[in-house]
Amino acid sequence: MSRWSGARVGQDVYVAPLTPALHPDDSPRARKARGAFFTPDEVTQFISTWAINSATDKVLEPSSGDAAFLVAAVNRLRQMSPDPAAVPVVEGIEIHEYSARVGRKRVRDAGGKAHIRVSDFFLSNPEQSYDAVIGNPPYVRYQDWSGVARMRSRAAALRAGVPLTGLASSWAAFTVHSALFLNDGGRLGLVLPAELLSVNYAAPVRQFLFDNFTSVELVLFDEQIFPEAEADVVLLLADGYRKGPTDHAVIRQAKNASDLASLGTGKPWAPIDPAGKWTGSLVSAKAVEPLQRLIERGEFTNLESWGDTTLGMVTGANHYFTLSPDDVDRLDLPRDELLRLSPPGSTHLRGLVLSTAMLTRLGKEGKSTYLFYPGENPSAQARAYIKAGEKTGVDKAYKCRVRKTWYRVPLVKPADLMLTCMNADTPRLTTNQAHAYHLNSVHGVYLRPEHRELGKELLPLASLNSLTVLNAEMVGRSYGGGILKVEPKEADVWAMPAPELVHRRAPALRKIRSRVGLELKSGNLLGAVELVDAALLINSRKVSATQIKHVRRARAELAARRTGRGSSGR
């Protein structure tokens, strides 16, 4: 929420009352459902100051909510006006009628006049008539952004030639549609999820910004400024609409919202492909140069060159379908109605190998190492367990009830390697020596036949090099609590040593295998990475020790930024 103090600051700047009385239909839950997270004053003032260059500028706040940006715009326009009695006129669009009423009053109290239309923004026909469009778009994830609302948003984006997938959250179409209201040369200042930098569905939005504006600036934060939204944000400052393209962005870094007052000028960053992920904007050229050079020489590639990465199995009720050895004994289930399973989660996949002996040990510790999978003619014991599941409603769970036979989980064949998708440190590849099935808490990697033998033996080890570990931070995305999440499409482009390089360095890698295993067992990831760097890269003179230092420093900074934002949001 904005910190509204109800006081005048000097004679020109007005900050509206602390908490407008909530309407019964405007509860915090209702606001969250429609993606309404209101903005700190430092942010509204910063964006308004940047976007409004003249007292005559025409300003629009789409999805204006309680008009926090319009109040800041009025303050800015009054400051710039030669007439102290002038009443600035600002405009907004807001779907929620009560919020619109509150917004009009707040603007009036600030000394301005607000024309706020109550409407769905995506039903508003864009006319190029505004010098500045500023605001904080609603953030609704794709799972909740459905039906007519999603169709309208995608149609609005398509008017600008930007096709969005069904996975796009609300802000993506909102950003594109907002730009269409700008005059030629106009300025777009928005608070956006940091997903802008990393998610695949935002690729057309990133391309649109570079194609249509002469200047694109991004302000990144070390700490979360919207903890209640459970999402990191960036400030988008795009200038010169329809005067583009541009070939670079300027990246500016702030600790938090209060730090905006002393923000530096930033650094230019030119992506190879504007539609590609922009997480590279956070990494120095010295850190990315070694990987780019090795890719150009064919000595590094991506994980997709080794094989296919896919999602794991979805049971619909892990508590029922996954069983520990004690559960199996208690239920007296025959072994031919069970499949060996990598237990739910991925904490056990932090070494190089998942072996049968490890599964046995995990089972003795009470982990669920079996999947209930009866045949077409279940045993008496299995029928009793099925009946117990029906009695407790397991068969009514969505994923269960849509199956032809609710108690037979659709299988995904055992993978060659397992890939951890939710990581506090870095994603891990683990060889599936136990030939165990896996759930959707991890991904499976199915190696190409020509790389299977080498990949199963050495790719988990070779992947623990500094270049790959840094690139994981660049291709993955920051998740709640500072977790690094990697989806299959992101894993496909994750940088890996090429098969040819791993084959040439195989003797050196085999020599350090046991030592690396001990480092990982003790939780010393960086110690393991140092051993692999020496065997794979430094001793073979692929990368110098000085270059590796730059790479490690960049990775540490990205990881610290990710975990720091996660901590600030708790």
Side-chain angles (χ1 to χ4, degrees), residues 141-147 150 165-167 308-349 354 356 359-360 362-422 430 432 434-446 479 485-489 491:
R141 296 184 186 275
Y142 78 92
Q143 297 96 326
D144 302 314
W145 190 242
S146 58
R150 175 181 288 175
T165 72
L167 295 178
D308 296 323
T309 302
T310 67
L311 297 169
M313 299 183 300
V314 178
T315 69
N318 281 356
H319 70 280
Y320 176 83
F321 289 102
T322 68
L323 303 169
S324 69
D326 285 346
D327 294 330
V328 171
D329 291 342
R330 175 174 50 81
L331 297 168
D332 195 27
L333 291 169
R335 297 288 167 159
D336 61 0
E337 294 183 307
L338 302 165
L339 298 175
R340 292 307 299 268
L341 180 72
S342 176
S346 62
T347 55
H348 58 288
L349 298 175
L354 177 65
T356 301
L359 271 187
T360 300
L362 289 166
K364 290 179 178 178
E365 294 171 357
K367 304 295 184 183
S368 297
T369 55
Y370 289 101
L371 178 75
F372 178 58
Y373 193 76
E376 294 183 2
N377 297 303
S379 65
Q381 299 93 319
R383 289 198 303 272
Y385 191 52
I386 292 167
K387 187 174 181 179
E390 292 169 345
K391 185 177 293 186
T392 57
V394 176
D395 60 321
K396 300 299 191 297
Y398 174 72
K399 289 294 184 179
C400 298
R401 72 172 184 264
V402 297
R403 295 176 190 144
K404 182 178 179 180
T405 304
W406 75 263
Y407 52 81
R408 285 175 63 85
V409 174
L411 297 182
V412 174
K413 69 178 182 179
D416 298 310
L417 310 176
M418 293 182 191
L419 167 60
T420 59
C421 55
M422 302 288 279
T430 304
N432 184 16
H435 206 62
Y437 288 82
H438 63 282
L439 303 173
N440 65 339
S441 51
V442 298
H443 304 323
V445 180
Y446 300 86
Y479 211 63
K485 184 177 183 182
V486 179
E487 297 287 12
K489 284 188 177 181

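Because the structure is predicted, anything quoted here is derived from the model rather than measured.
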Is there a side-chain contact between [X] and [Y] in this structure, where contact means two heavy atoms from C-beta onward sitting under 4.5 Å apart?
X: Leu323; Y: Tyr385; result: yes
X: Asn440; Y: Val412; result: no
X: Phe321; Y: Cys400; result: yes
X: Leu411; Y: Leu339; result: yes
X: Cys421; Y: Ser346; result: no
X: Pro325; Y: Thr369; result: yes
X: Thr405; Y: Glu376; result: no

Donor-acceptor pair, distance only, cut-off 3.5 Å: does the side chain of [X] make one with the backbone of [Y]?
X: His348; Y: Ser342; result: no
X: Thr392; Y: Gly389; result: yes
X: Arg408; Y: Pro374; result: yes
X: Thr309; Y: Pro488; result: no

Reported [atom1]-to-[atom2] distance for the pair [X] and [Y], which is rounded to 0.5 angstrom:
X: Tyr407; Y: Phe372; atom1: OH; atom2: CZ; answer: 8.0 Å
X: His443; Y: Asp308; atom1: NE2; atom2: CG; answer: 13.5 Å
X: Asn432; Y: Asp416; atom1: CG; atom2: CG; answer: 8.0 Å
X: His438; Y: Met313; atom1: NE2; atom2: CE; answer: 7.0 Å
X: Met418; Y: Leu439; atom1: CE; atom2: CG; answer: 9.0 Å
X: Leu362; Y: Leu354; atom1: CG; atom2: CG; answer: 7.0 Å

Could you check Tyr437 against Arg340 for side-chain hydrogen bond (donor to acceptor under 3.5 Å, both in side chains), going step by step and ending with a plain yes or no? CA-CA 6 Å; Tyr437 288 82; Arg340 292 307 299 268; over 6 Å; no
Considering only NZ, NE, NH1 and NH2 on the basic side and carboxylate oxygens on the acidic side, decide whether Arg335 and Asp329 come within less than 4.0 Å.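 Yes, Arg335 and Asp329 are salt-bridged.
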Least distance between heavy atoms, [X] atom then [Y] atom:
X: Pro343; Y: Lys367; answer: CG-CB, 4.0 Å
X: Glu337; Y: Pro378; answer: OE2-CA, 3.4 Å
X: Thr420; Y: Val442; answer: CA-CG1, 4.5 Å
X: Gly366; Y: Ser324; answer: O-CB, 3.7 Å
X: Ser368; Y: Pro344; answer: O-CD, 3.9 Å
X: Asp395; Y: Glu390; answer: OD1-CA, 3.5 Å

Apply side-chain contact (heavy atoms from CB on, under 4.5 Å) to Thr356 and His435, showing your working. CA-CA 8 Å; Thr356 301; His435 206 62; over 6 Å; no
